Amino acid sequence: MFLPPLPHEKYYFKYLYNQSVLKTHICLLLSLNIILYKMCNIFCLTKKNACLLFVGISCFVTSAFAQNGGSNNLPPAGGVPDTIKNSLLKPTAALDSGKNSPYQYLTLQQCIEYALLHQPQLNQALTNVEIIRTNNAINLAPLMPQVNTSGSLIHYNQLPAAGSSSKTQSVANTFVPGIAVTQAIFNPTLLLAYRSAPLYNLQAKQVTDSTKIFLVSTVSKSFYNVLLTLEQINVLKEDTARLGKNLRDSYHQYVGGIVDETDYEEAEITLNNSVAQLKQAEENVIPQYASLKQLMGFAPEKQFNVSFDTLEMMRGINIDTGQQLQYEKRIEYQQLKTAKDLQAEQLSYYRYSFLPTLSAFYNYNLAYQNNNFSSLFNTSYPNSYIGLSFSMPIFTGFARINNVRKAKLQQQQLDWQTVSLKSQIYSEYTSALANYKSNLFNLNLLQKNVALAKRTYFVVTLQYRQGIVPYLNVITAESNLITSEISYLNALFQLLSSKIDLQKAMGSVSY
């Protein structure tokens, strides 16, 4: 699986680099000590004046070294960085997923399109549609003429007598082939199959649509979940880099005697906590990718990475909350309506069962008769006839009456299910709408918090370097910054998820 590069090696080399720089700094101070010692001998300075001179030069070198070590992270000389334009997610366009790319990059829309083609449950639903259509064709087959052929070959060992006479009027050998054609004219069962076939096709299609809606919503949420974790990793990487710089600065100031040892230790504790959070986020993204693959029907052995357009995502968080709820757009309501139509056809079938069945038939027989078997097919005696047949049950033990009553009771159950479904849909809609509005309001506030936290951290860091505030203020500002950034990301993706829930509740999920 292609995942963002792990930061441990990078931080390890930075640590070695910082250790080498610290050693250079210490050697420089020792060299200054030796030089000052010789200057004391040359200029005959007192021990007190020499110590003061040594401390002053050491503090100057330490301060200059600390500022030089973090010069790349300081804002421009023009003033305070712009914190009004807050963009935790850097504006990026969708990456190219062509053949020249070493990895396959998929946007949200591409993930959905892939799932609509390869997801096993959806393909099972599509196969079930074809099964239903084939089953309807089987049930409607008796509506067409039914043609059968039959025949009988008879040899009499003893010819039967005609009436009370002892004379026989039959022949010894008889072969009668024939063809029979029947055509149903009226049959309640066939009528039910004919009127229910479109409803069964519609029902199978609605099951497929329901699976697609579920698939689009779950794939979108899983995609956002992966993206959230990846963005959290990026934020934690920046936080770890800032804390590493704070650790170096506090150590330099501790060596220079500006601050005590607790500032350096607190900086190290904060850095360790940030590294632990980063490691946890990197481990969490692996099963999240696996879950997204499962929902998409993506092969486990294949690799891909998510790609997104930040600007497009930010434009897509808004939705018209003034739309009226229409129950007919919900797939569950449509499925229940189809079930009620099928139940109405079942009730009609039980009522039609009181009527007789009627069919037409035509038979053609070609009879061969002869006493000599060798001459059986010399002469034929054909006959044919046409007619109508009907069948009507007189008494069935009140089964037909009870079937009608049962069908009416089942209709009442579906009516009550409709009432319950409307209440459920309205509850889901109000809950989704409230979550969306609250998450949108929360996102706007947290966006302001991130801007304020960035500015506060910048000011407190400068104050600490100048010795105005203790290091505890830096820890608090850093904690507020990382908390506000993570909270902003959570609010953003909660808003995107609540938008999907609202669209699903309104029946407006597109696929």
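This one's a predicted model, so the numbers in the text were calculated from it and none came from an experiment. Index from 1, following the sequence.
- For the residue pair Asn378 and Asn370, no side-chain donor N or O sits within less than 3.5 Å of a side-chain acceptor on the partner.
- Between Tyr105 and Phe304, the ring centre distance reaches or exceeds 6.0 Å.
- By the 6.0 Å contact criterion, OH on Tyr426 is open, its count of non-hydrogen atoms from other residues, nucleotides or ligands being 12 or less.
- In this structure, Asp501 contributes its side chain and Ala432 its backbone to no donor-acceptor pair below 3.5 Å.
- Ion pairing between a basic and an acidic side chain is recognised when a charged N comes within 4.0 Å of a carboxylate O; Glu282 and Lys279 show no such pairing.
- The side-chain heavy atoms of Ile317 and Lys499, taken from C-beta on, include no pair separated by under 4.5 Å.
- The main-chain N or O of Thr189 is found under 3.5 Å from a side-chain atom of Asn187 such that the two form a donor-acceptor pair.
- In this structure, Glu485 and Leu481 have side chains that are in contact, with non-hydrogen atoms separated by less than 4.5 Å.
- Within a 6.0 Å sphere centred on CD of Gln158, other residues, nucleotides and ligands contribute 12 heavy atoms or fewer.
- Residues satisfying the side chain to side chain donor-acceptor pair (under 3.5 Å) criterion with Asn480, sequence neighbours excluded, are absent altogether.
- The side chain to side chain donor-acceptor pair (under 3.5 Å) with Thr338 is formed by just one residue from the set Gln206, Lys205, Gln203; it is Gln206.
- Not a single donor-acceptor pair under 3.5 Å links the side chain of Ser423 to the backbone N or O of Ser420.
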(request) Apply side-chain hydrogen bond (donor to acceptor under 3.5 Å, both in side chains) to the pair Gln343 and Gln410, showing each step before the final yes or no. (result) CA-CA 7 Å; Gln343 186 59 36; Gln410 289 174 343; 2.8 Å; yes

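- Atom CG in Leu502 sits 7.0 Å away from atom OG in Ser508 (nearest 0.5 Å).
- Using bins of under 30°, 30° to 60° and over 60° for the plane-to-plane angle, the ring pair Tyr385/Phe361 lands in the perpendicular bin.
- Geometric assessment of Lys293 against the ring of Phe298 yields a negative cation-pi assignment under the 6.0 Å and 45° thresholds.
- Classified by interplanar angle (parallel below 30°, tilted 30° to 60°, perpendicular above 60°), the ring pair Phe398/Phe395 is perpendicular.
- Between Arg330 and Glu428 there is a salt bridge, with a side-chain nitrogen of the basic residue lying less than 4.0 Å from a carboxylate oxygen of the acidic one.
- The line from CZ of Phe373 to CG of Asn173 is 6.5 Å long, rounded to the nearest 0.5 Å.
- In this structure, CG on Asn490 lies 6.0 Å from CD on Gln494, to the nearest 0.5 angstrom.
- Residues forming a side chain to side chain donor-acceptor pair (under 3.5 Å) with Ser359 (at least two apart in sequence, or on another chain): Ser389.
- Counting heavy atoms from C-beta outward, Gln232 and Ile486 have side chains that approach closer than 4.5 Å.
- For the pair Leu366 and Val176, the minimum side-chain heavy-atom distance is 4.5 Å or more.
- Interatomic distance, OG1 of Thr321 versus CE of Met506, reported as 9.0 Å (0.5 Å rounding).
- For Phe175, the CZ atom is densely surrounded, since the number of other residues' heavy atoms within 6.0 Å is greater than 12.
- When atom types are taken as modelled, the side chain of Ser274 and the backbone of Leu271 share no donor-acceptor pair closer than 3.5 angstrom.
- A distance of 6.0 Å or more separates the ring centres of Tyr368 and Tyr381.
- Interatomic distance, Leu388 CG to Ile185 CD1, rounded to the nearest 0.5 Å: 5.5 Å.
- Because its NZ or CZ atom is not both nearer than 6.0 Å to the ring centre of Tyr350 and within 45° of the ring axis, Arg405 does not count as a cation-pi partner of that residue.
- Counting only distance, with no hydrogens or angles, the side chain of Ser348 and the backbone of Leu192 share no donor-acceptor pair below 3.5 Å.
- With a 6.0 Å radius and a threshold of 12 heavy atoms from other residues, nucleotides or ligands, Phe186 has its CZ atom above the threshold.
- Gln424 places no side-chain N or O within donor-acceptor distance of the main-chain N or O of Val419, the cut-off being under 3.5 Å.
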